[in-house]
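The block underneath contains the structure these notes are about, expressed in C-alpha cells.
Worth saying up front: this structure is predicted, and the values here are computed from it rather than measured.
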Amino acid sequence: MNLFGVVTQGGVISQVVAMLLLAMSVASWVVILWKAWLLKRAVGDVARSIAAFWQSASIDEAAGKVAAFDREALVLPLISATKIDTRGTLATAGDKSQQLTRVLRDALHAVLHKLQFGQVLLATVGSTAPFVGLLGTVWGIYHALIGIASAGQITIDKVSGPVGEALIMTAAGLAVAIPAVLAYNIFGRFISRIEADLEGFARDLRELLAPTPVASRTALSQEGAGFPEGGPPENLLAASPQPAN
C-alpha cells in the first residue's frame, strides 16, 4: 500500500496510522468548514432576531418576524417553548414563572447542543493526533532498526529512508492537531457569545410573560403612614413601651 507515496517502508502499522491521521484530518476539516459557516450566520441571525422580537407588538407577530431572520432556528425554539399547553400534568404544577423557567431551560439546552455539535470531535483530534503521529514515528523507527539488524550492515541509505519516513508521521500528527485546536478555541468564543445572548433573551422573555412581583415602595409608605415614625407595622414593636421587669 502506498499512501500518496509517503508511507512505503514503515510496514502495516505505519500505513494504518497514516490512514487514521488522514481520516482525522478530513473529519476535522469538514467540521471546521461547517461550523465556520454555521457560526458566521448564527451570530448575525441571533442579534437580528432578538431586535425584531422586541420591535414587535405581540408574541405572535414577533414569532413571524423572528422566523424570517432565524435561519438556524436558535431563537424561535425559545419563543415556541413559551406556549405551554399541558393541562392536567405535572408540567403545569407551580406558577407560570416556574413553568416558563423549565420550558425555556429545556429549549435553551437543545439550542446550545446544536451549537456545541462538533466541538468534541475537534477537541479529541487536537489532543490525540500528535500521539497517533508519535506512535507511527516510534513504530517506523523500530521497523527500520529491525530491517537494519536483519541486513547485517549499516549504510546511510538504509537508515535515512525509514527514519525520515517515521519522523514525517510526527509532523503529520501536528499538522492534523494544530488546525483542530485553533478552531476549537475560536469557535468556543463565538459559542460563548451566542450562549450569553440567548440566556439573556430567555431571562427577558420569562420576565415579560411572568414578571416577578416587586413590592411597591409607595404602597409600603402609605401602609405605614398611620404608625409611629411613619414606618411599617413592625415599628410598633420599637415604639411601644417595654414592660417593666
Side-chain angles (χ1 to χ4, degrees), residues 1-47 70-78 105-147 159-199:
M1 179 179 177
N2 186 333
L3 185 59
F4 301 112
V6 176
V7 180
T8 59
Q9 305 180 49
V12 176
I13 300 298
S14 294
Q15 294 169 1
V16 170
V17 169
M19 290 294 296
L20 180 59
L21 288 175
L22 178 62
M24 294 170 71
S25 178
V26 171
S28 63
W29 274 108
V30 168
V31 172
I32 288 172
L33 295 176
W34 173 73
K35 285 191 71 71
W37 173 78
L38 172 69
L39 294 178
K40 182 180 179 181
R41 286 159 53 101
V43 170
D45 288 354
V46 168
D70 194 18
R71 294 173 291 181
E72 301 301 328
L74 301 176
V75 178
L76 197 59
L78 300 179
R105 181 183 62 239
D106 295 340
L108 185 61
H109 286 171
V111 169
L112 295 180
H113 178 73
K114 180 188 298 186
L115 291 174
Q116 293 285 351
F117 183 80
Q119 290 292 95
V120 174
L121 174 65
L122 294 179
T124 302
V125 171
S127 60
T128 60
F131 298 102
V132 174
L134 185 61
L135 172 63
T137 297
V138 172
W139 179 262
I141 293 176
Y142 170 77
H143 190 270
L145 294 177
I146 293 298
V159 174
S160 60
V163 172
E165 181 183 282
L167 294 177
I168 289 177
M169 302 297 291
T170 299
L174 293 175
V176 173
I178 290 175
V181 172
L182 292 177
Y184 176 83
N185 293 330
I186 294 174
F187 293 158
R189 295 188 60 182
F190 281 100
I191 293 173
S192 298
R193 174 183 170 185
I194 298 173
E195 180 179 356
D197 291 340
L198 292 175
E199 287 180 351

N/O donor to acceptor pairs below 3.5 angstrom from side-chain atoms of residues 187-194, sequence neighbours left out:
{"unit_1": "Ser192", "atom_1": "OG", "unit_2": "Gly188", "atom_2": "O", "d": "2.9"}

For Leu76 and Asp70, the nearest pair of non-hydrogen atoms, with its separation, is N-OD2, 2.8 Å
Result of checking Leu121, Leu115, Leu122 against Gln119 for side-chain contact (heavy atoms from CB on, under 4.5 Å): Leu122
Donor-acceptor pairs under 3.5 Å, side chain of residues 19-32 to any protein atom, not counting sequence neighbours: which ones?
{"unit_1": "Ser28", "atom_1": "OG", "unit_2": "Met24", "atom_2": "O", "d": "3.0"}
{"unit_1": "Ser28", "atom_1": "OG", "unit_2": "Ser25", "atom_2": "O", "d": "2.9"}

Less than 3.5 Å apart, which donor and acceptor atoms pair up between the side chains of residues 166-185 and the rest of the protein, not counting sequence neighbours?
{"unit_1": "Thr170", "atom_1": "OG1", "unit_2": "Thr137", "atom_2": "OG1", "d": "2.4"}
{"unit_1": "Asn185", "atom_1": "ND2", "unit_2": "Val181", "atom_2": "O", "d": "3.3"}

Under the salt bridge (charged side-chain N to carboxylate O under 4.0 Å, His left out) definition, can you give me all pairs with a residue in residues 27-47, not counting sequence neighbours? Arg41-Glu72, Asp45-Arg48, Asp45-Arg71
Working to the nearest 0.5 angstrom, can you tell me the gap between Leu78 CG and Glu199 CD? 10.5 Å
Does the side chain to side chain contact (heavy atoms under 4.5 Å, CB included) test come out yes or no for Leu39 and Ile186, once each step is laid out? CA-CA 11 Å; Leu39 294 178; Ile186 294 174; over 6 Å; no
ring-ring contact (aromatic ring centres under 6.0 Å, His included) against Phe131, all qualifying residues, sequence neighbours excluded: none
Ser127: which residues meet the side chain to side chain contact (heavy atoms under 4.5 Å, CB included) condition with it, sequence neighbours left out? none
